[in-house]
Number of protein chains: 2
Amino acid sequence: MAVTIRDVARVSGVHVSTVSRALTAAHLVKPETRARVLAAADQLGYRPNRAARALSTRRTGNLGLIVADIANPFFPPLLKAAQAQARARDYHVFIADTDEQARVEEELVHSMAKQVDGAVLVAPRLTDSAIASLAEELPLVVVNRRLRGVPGVLMDVGAGARSAVEHLLGLGHREIALVSGPGRAWTSGEIERAAGGIADEHGVLIQRIGPNAPTEEGGRAAAEEVVASGATAVLAHNDLMAFGLARRAAELGVDVPGDLSVVGVDDSHLARYSTPALTTVNMPVAEAGRSAVDLLLQAVAPGGSTGTVSLETALVVRDSTAPPRRDDAAG
Amino acid sequence: MAVTIRDVARVSGVHVSTVSRALTAAHLVKPETRARVLAAADQLGYRPNRAARALSTRRTGNLGLIVADIANPFFPPLLKAAQAQARARDYHVFIADTDEQARVEEELVHSMAKQVDGAVLVAPRLTDSAIASLAEELPLVVVNRRLRGVPGVLMDVGAGARSAVEHLLGLGHREIALVSGPGRAWTSGEIERAAGGIADEHGVLIQRIGPNAPTEEGGRAAAEEVVASGATAVLAHNDLMAFGLARRAAELGVDVPGDLSVVGVDDSHLARYSTPALTTVNMPVAEAGRSAVDLLLQAVAPGGSTGTVSLETALVVRDSTAPPRRDDAAG
DNA sequence: GAGATTCTTGCAAACGTTTGTAGTCAGACC
DNA sequence: GGTCTGACTACAAACGTTTGCAAGAATCTC
């Protein structure tokens, strides 16, 4: 039924091994022969069977992309970029959604292991040691997780959080709250550390609220505590939470940014679309997706090197931050 | 290195073929033998090599998911649901992004053909005949495209558009515009036909504006024409466009919904997040993703049947629609 | 112009499974 | 007690590639 290398061999009058070489190791066959083979392949519409190739070479030409939640707006641009990069390198990508569950994440790596040359774990929820042990089974690259021995792509969210707090301090805020996300995420720790550090330098204490689910609901849930705390500004773990927080605050009669400045993290499209448009930390997700794939491909290649790339983030000031009200500052 | 069926055979003291059968055709081996084999497999951490299995059975256990733009908020929930459904059926999914290019779509089907048992084309940009010819090469399911001979999942966007127009008519609008999307999309035609039909019944003429790119920019671009047309209400091809349109209208000093009611299509999260929250036609995308996978799996199965499933849509009324201003109606 | 290289190609084994065929064994049947 | 049946298992070929090895042809070297 399907046309195989054998058919091509017959039509072009050479042995299958010659066809194979003509296709994958051009310099090993005489140019004229190669031309004949290619012509035959083209004429027959031959496409190599990657499963057979994989069996023989032990390389599948496939990559895995494992994320916590495809529908979370943070991920799609990353997936898109990673997929495009992989395709440019002639790799296909499997995608899998863990539904935020560490156990599923682990199981997915196992079940993919024989089908891919390596996998990218985006913002993994697993423990460091679990990831390290998976990495022995399959070449892995992590995004937004620092792990010795495992190549990673880090977006410098700490620097972004620092800029965000500096921005708030510069506006005159002295009562700043931090609504944190899931304890397990690497970004949570980075944000807290950086925000705390810069606030310290200015003799300001940041109130931490949370942890919360990294969703709009999580943000809403934190809103009352934020308002009650008397904070005039708040930095949220991500845009979704910032958005939920701002919405809930509005319902409580608190004006954003008049009474409360809100800063998010991610710069998802949400940030531009919401009203007021969200001041947020831009994450270079597309770049991260590309880098992750490149790193993985390097790690997988014969003389595979392993490294970590760090990407810069930047604060994007929009309409959800403003100086605190005089009376607030006085009270 | 990796543990194969051969290792399992050695440890459990049987032939490889027995191991194979113990794993895939339980009734063909004696229960005790099977238990021994399973124990050995478990102990060794054996995982079947799917490439080898694929070579032998000619079934890969993989599915392809091809979409125009992963980052367009319409797709991720569909991808998520499809992926989950596939996983529940023990299939893995390849994902690919065509960047809205028909040629890429075609090439992707070709390059996936040998690696998957079938593919889902979501809102394809190809012509009917191109899809039909691809369908001979590989079992295909289309989403939001009607094509004889190719199973499909259709979201009844026509009914949704009809409800939307009825809603606007009910509010008292008589000057209604339709901002259409890409001419190639099936949904474009459906919306136009349905909207035109119901308006006709009420003796109202709908002004068609476009076609435009199905993006925020496309919506912005159409805004001036909409405003100039004197329409008091507008139905946009999708939420992104509705959103861009509303934003641009606001910039032009046109109040939404006071001066102009805006209705979108998709009910992406964007609709809930924007201000004013968008009245829009809800599309059952998760359901569509699941159905598409089920349909594909049916088509691929031995006695494969082929069918079309149609899913209902529903108008969701939010804050972007209101009765027309008196003076407008009078003018 | 003979030996040494280098090219070019064919042969056959291997990758890890599945599966058709055939063999063994125990029990049933008469 | 011999034959038949059915349950169970081993054998070996096949799936479509790649690749080490070897052989023959062509080219080079002196």
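Quick note: numbers below take in every heavy atom, side chains included, and nothing from hydrogens, waters or symmetry partners. Numbered from 1 within each chain, the chains take letters A, B, ... in sequence-line order.
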Residues in salt bridge (Lys or Arg N to Asp or Glu O under 4.0 Å) with B:Arg89, at least two apart?
-> B:Asp294
Can you list the residues that meet the salt bridge (Lys or Arg N to Asp or Glu O under 4.0 Å) rule with A:Arg36, with sequence neighbours excluded?
-> none
Pairs where residues 10-56 of chain A contributes a residue and the test ring pair (Phe, Tyr, Trp, His ring centres under 6.0 Å) is met, not counting sequence neighbours = none
If a pair satisfies ring pair (Phe, Tyr, Trp, His ring centres under 6.0 Å) and one of its residues is in residues 89-120 of chain A, list it, with sequence neighbours excluded.
-> A:His92-B:Phe94, A:Phe94-B:His92, A:Phe94-B:Phe94
With a 4.0 angstrom cut-off to heavy atoms of chain A, pull out the first and last contacting nucleotide of DNA chain C, in 5'-to-3' order.
-> C:dT8 to C:dG16
Starting at CD of B:Gln43, measure out to CG of B:Asp7 and round the result to the nearest 0.5 Å.
-> 11.0 Å
So, using side-chain hydrogen bond (donor to acceptor under 3.5 Å, both in side chains) as the criterion, who are the partners of [X] when residues are at least two apart?
X	result
B:Asp69	A:Lys80
B:Arg50	none
B:Glu106	none

Residues which pass side chain to side chain contact (heavy atoms under 4.5 Å, CB included) with A:Ala113, listed by chain and number, not counting sequence neighbours | A:Glu137
What are the residues of residues 12-25 of chain B, sorted by number, that bring a heavy atom to within less than 4.0 Å of DNA chain C?
-> B:Ser17, B:Ser20, B:Arg21, B:Thr24
Tell me which residues in residues 34-53 of chain B put a heavy atom below 4.0 Å from DNA chain C, sorted by number, or none.
-> B:Tyr46, B:Arg47, B:Pro48, B:Asn49, B:Ala52, B:Arg53
Axial bend angle, the helix from C:dG1-D:dC30 to C:dC30-D:dG1: five-pair end segments, nearest 10° | 40°
